[in-house]
K.L.:
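Starting off with a structure, shown below.
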Amino acid sequence: MANRTVKDANSIHGTNPQYLVEKIIRTRIYESKYWKEECFGLTAELVVDKAMELKFVGGVYGGNIKPTPFLCLSLKMLQIQPEKDIIVEFIKNEDFKYVRLLGAMYMRLTGTSVDCYKYLEPLYNDYRKIKSQNRNGEFELMHVDEFIDELLHAERMCDIILPRLQKRQVLEEAELLDTRISALEEDLDEVETSEEEDEEDEKPERVMTPEQHRRSYRDSDRPRRSPSPRYRRSSRSPRRRSRSPKRRSPSPRRERHRSKSPRRHRKQSLERRHRSKSPGHHRSRRNRSHSKSQERSSKKSHKKSRRGNE
């Protein structure tokens, strides 16, 4: 009796609402301690108190496939089938984030495609952190908007196969939904306009002087040269050229030292030896010595004659 669906419950997607959860997982939930102790005799009003005590979301975990409290409460809501207004209040609750997620999960399982997009898409603006338990029993960090995005696009959530949704584009073409306007679009437009204005302010307006105009005209008149190696400019920058040492003009001291180089000494000595060996050179020296001796003898005779006269 405790595991049966309410008599007045309506069939969802053509079946019993509890059958939306797979039979293996459903039997594990019925055998769990949390279901027997906490979920027995709950009504739509009492489910809110249990939802406020939730600390994390998740499906089944461990080797024994134990269900989480979040999964047990979602199955209990499928069993008692609360009214739509109560579920909408669950979703709009901003104080307790796990109550909001429980209502979103139930709306995704039982609601139509239009209701899912209508009530779940506003939760994209909720960026609060939540804890989720994986199959290994480890806790992971998530955000509310991530959970809602998986509900709308994933095939399985919290180990429950989700019913198929019609694409939003099809519903927009049928005029059942309005086009979705993101809350970030206005901020993005403002950021783009501010960046464009900053770029325009940073670009200085270039004013061409008459000399630059003339140079540009001259450059346009010149024929373009082919990229031959003759006309290639050297890779050295003008700064490096200025730093390179300048060639100095040869100083007179260096010229003197050059004149006294060993090569020139050798040439002069060779010339002197050649002159000394030539016969004409010896004859000229002999003639000079003979003329000098005659002059000396004439002077001596002239002096002797003067003494004799005295």
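Computed from a predicted structure; not experimentally measured.
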K.L.:
Taking the side chain as everything from C-beta on, heavy atoms only, tell me whether Trp35 gets closer than 4.5 Å to Lys76.
P.N.:
yes

K.L.:
Do Ser32 and Lys66 have side chains that get closer than 4.5 Å, going by heavy atoms?
P.N.:
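Side chain of Ser32 against side chain of Lys66, heavy atoms only: no contact under 4.5 Å found.
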
K.L.:
Apply side-chain contact (heavy atoms from CB on, under 4.5 Å) to the pair Glu172 and Asp178, showing each step before the final yes or no.
P.N.:
CA-CA 6 Å; Glu172 288 178 0; Asp178 297 332; over 6 Å; no

K.L.:
For Asp159 and Ile25, work out which heavy atoms get closest and say how close.
P.N.:
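Scanning both residues, the minimum pair turns out to be O-CD1, 3.1 Å.
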
K.L.:
Donor-acceptor pair, Tyr117 side chain versus Gln166 backbone, under 3.5 Å?
P.N.:
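At least one qualifying donor-acceptor pair exists.
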
K.L.:
Roughly how far apart are Leu120 CG and Asp115 CG, rounded to 0.5 Å?
P.N.:
9.5 Å

K.L.:
With heavy-atom distances below 4.5 Å as the criterion, would you say the side chains of Gln133 and Val57 are in contact?
P.N.:
no

K.L.:
Shared ILVMFWY cluster between Ile12 and Ile91, side chains joined below 4.5 angstrom?
P.N.:
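Yes: a chain of side-chain contacts under 4.5 Å links Ile12 to Ile91.
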
K.L.:
Write down the atom of Ile160, the atom of Met105, and the distance for their closest heavy-atom approach.
P.N.:
CD1-CE, 3.9 Å

K.L.:
Provide the closest heavy-atom pair for Cys72 versus Ile29 in the form atom of the first, atom of the second, distance.
P.N.:
SG-CG2, 3.9 Å

K.L.:
Transitive ILVMFWY cluster of Phe139 at side-chain heavy atoms under 4.5 Å: who else is in it?
P.N.:
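Joined to Phe139, directly or through intermediates: Phe56.
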
K.L.:
Could you check whether any side-chain heavy atom of Ile87 comes within less than 4.5 Å of a side-chain heavy atom of Met77, counting everything from C-beta outward?
P.N.:
yes

K.L.:
Report the distance from atom CD of Glu94 to atom CZ of Arg100, rounding to the nearest 0.5 Å.
P.N.:
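If I round to the nearest 0.5 Å, the distance is 5.0 Å.
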
K.L.:
Do any N or O atoms from the side chain of Thr68 and from the backbone of Gly59 form a donor-acceptor pair under 3.5 angstrom?
P.N.:
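Present.
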
K.L.:
For the CZ atom on Arg164, are there more than 12 heavy atoms of other groups (residues, nucleotides or ligands in this structure) within a distance under 6.0 Å?
P.N.:
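Atom CZ in Arg164 is not packed in, count stays at 12 or less.
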
K.L.:
Measuring from atom CD of Gln18 to atom CD of Gln81, what distance do you get when rounded to the nearest 0.5 angstrom?
P.N.:
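With rounding to 0.5 Å, CD (Gln18) is 10.5 Å from CD (Gln81).
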
K.L.:
Got a second to check how far Arg28's CZ is from Glu22's CD, nearest 0.5 Å?
P.N.:
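Between atom CZ of Arg28 and atom CD of Glu22 there are 13.0 Å.
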
K.L.:
Starting at CG of Leu165, measure out to SG of Cys116 and round the result to the nearest 0.5 Å.
P.N.:
5.0 Å

K.L.:
Roughly how far, to the nearest 0.5 Å, is CE of Met107 from NZ of Lys118?
P.N.:
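The distance works out to 9.5 Å.
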
K.L.:
For residues 40-54, tabulate all N or O donor-acceptor pairs below 3.5 Å that involve a side-chain atom, not counting sequence neighbours.
P.N.:
from: Thr43; atom 1: OG1; to: Glu45; atom 2: OE1; distance (Å): 3.4
from: Lys50; atom 1: NZ; to: Glu38; atom 2: OE1; distance (Å): 2.5

K.L.:
Would the distance check show the side chain of Asn136 and the main-chain N or O of Glu138 forming a donor-acceptor pair, the cut-off being under 3.5 Å?
P.N.:
no

K.L.:
Under 4.5 Å between any side-chain heavy atoms of Arg108 and Pro163, yes or no?
P.N.:
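In contact.
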
K.L.:
Shortest non-hydrogen contact from Cys158 to Phe147?
P.N.:
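Shortest heavy-atom separation between Cys158 and Phe147 comes out as SG-CE1, 4.2 Å.
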
K.L.:
Shortest non-hydrogen contact from Leu71 to Ser74?
P.N.:
O-OG, 2.7 Å

K.L.:
Which of these passes side-chain contact (heavy atoms from CB on, under 4.5 Å) with Tyr106: Thr110, Leu102, Leu109?
P.N.:
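In the set Thr110, Leu102, Leu109, the residue that makes a side-chain contact (heavy atoms from CB on, under 4.5 Å) with Tyr106 is Thr110.
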
K.L.:
Do Tyr19 and Leu75 sit in one hydrophobic cluster, given that two such residues count as connected whenever their side-chain heavy atoms are within less than 4.5 Å of each other, even indirectly?
P.N.:
no

K.L.:
Please answer: with hydrophobic residues joined when any side-chain heavy atoms are less than 4.5 Å apart, are Leu73 and Met157 in the same cluster?
P.N.:
yes

K.L.:
If you take all heavy atoms of Tyr124 and Asp145, which pair is closest and at what distance?
P.N.:
O-CB, 3.5 Å

K.L.:
Are the side chains of Tyr119 and Lys84 in touch, meaning some heavy atoms are under 4.5 Å apart?
P.N.:
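They are in side-chain contact.
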
